[in-house]
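Order of listing sets the numbers, starting from 1, for every ligand and every atom in it.
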Amino acid sequence: MIKFENVDVVYPNGFRGLNDINLEIHQGEFVAIIGLSGAGKSTLIRAVNGLVPYTNGTLTVGDTVVDPRNKSKLRKLRSKVGMIFQQFNNVGRISVLNNVLIGRSAFTPTWRSLIGWYGSHDREVAFQSLERVGIVEKSYNRAAALSGGQQQRVAIARVLAQDPEVILADEPVASLDPPTARKVLGDLRTIQRDLGITCVVNMHHLDLARDYADRIIGMRNGEVVFDGATQDATEDVIADVYQRPRSADDATQVQGGAGLREDAENATEADLNGPVTGSGNDSERKDIA
Ligand code: ADP
């Protein structure tokens, strides 16, 4: 279980990225985090594995309190919490198999993983992981030679090879075309169902959240403004999360004036109906740990 108790994140420049988050995510749930760009989705996900240090409250994963200052504890935590990024984060020049073997690092002495010397059991696990995401025949291809969807599958296989309890995915399909995005989310869904791995996935695109998640958490301005079963995420709820004006009259009343109105209009087009597009986020931009 992932538990947030009164968790805040205040960035070094004083900006409050998360404000008093209280959440419990149970083992084996598939949770989508939705909200406008800048709502705090990525900050929330990255707090869980200590990529973004939280500054107040308590955050636990299973029995472990996330302690971003304790590097060895953090390393141990991250071996159980796999992370997938929008930009895949594969090593392009090495083979697909060797990328997936990186997921076995926690089970291998550091000096051996540094020279890429993994045992036969590790290789077997890596092949099984690649098989699960349907690209085992690409094992000996260079990762960079694969399509975007295939590269994201390599990233999923690497995380699977870790034998994780939790998979955190920060906009994992934002760079993919809609059919490929659906295939990748379908893979994550199958993994969650078959292996009981908790999946927490940031999604800019509401339709995908509706189609793949058990539970939706809606964020706005660093706060959770909706948390419920997917079927309870009604149009009204969604309009509130996205601060989407419901009519031309409402548009003039959207809190915060022009800036927010612009966000709301963008939300109507891009978040609710538009194509799945990249947000241009650099996956490591907030790695300030
Ligand atoms: P989302 O994932 O919903 O787009 P983020 O979690 O990336 O939102 O960002 C939430 C807010 O925190 C945004 O306003 C963003 O500009 C701000 N933010 C993110 N990273 C930093 C940082 N390193 N320093 C200061 N502010 C940041």
### Query
Hey, is D194 close enough to R132 for a salt bridge, meaning N to O under 4.0 Å?
yes
#### Entry: D211/R182 salt bridge by N-O under 4.0 Å criterion
yes
### Task
Mark yes or no: R189 above the aromatic ring of F30, with NZ or CZ under 6.0 Å from the six-membered ring centre and no more than 45 degrees from the axis.
yes
## Note on the structure
With heavy atoms and a 4.0 Å threshold, my read on which part of L36 contacts ligand 1 is backbone
### Message
Between ligand 1 and G17, is the shortest N or O to N or O distance under 3.5 Å?
### Response
no
### Message
Minimum heavy-atom separation for Q27 and I197, please, with both atom names.
### Response
NE2-CA, 4.2 Å
### Message
Main chain of P172, side chain of Q86: is a donor-acceptor contact present, judged purely on distance under 3.5 Å?
### Response
no
### Query
Less than 3.5 Å between some nitrogen or oxygen of N202 and one of ligand 1, yes or no?
no
### Where ligand 1 meets T43 - atom numbers and elements under 4.0 angstrom, heavy-atom basis
5 (P), 6 (O), 9 (O), 10 (C)
### Query
Are any of the side-chain nitrogens in E171 or R46 under 4.0 Å away from the carboxylate oxygens of its partner?
no
## Note on the structure
ligand 1 to F15, heavy atom cutoff 4.0 Å, flagged ligand atoms 11 (C), 12 (O), 14 (O), 17 (C)
### Query
Do any nitrogen or oxygen atoms of A39 lie less than 3.5 angstrom from nitrogen or oxygen atoms of ligand 1?
yes
### Message
Below 4.0 Å, non-hydrogen atoms only: which portion of N13 touches ligand 1? Side chain, backbone, both or neither.
### Response
side chain
### Message
Below 4.0 Å from ligand 1: does a non-hydrogen atom of G35 turn up there or not?
### Response
no
### Task
Decide whether an N or O pair under 3.5 Å exists between P12 and ligand 1.
no
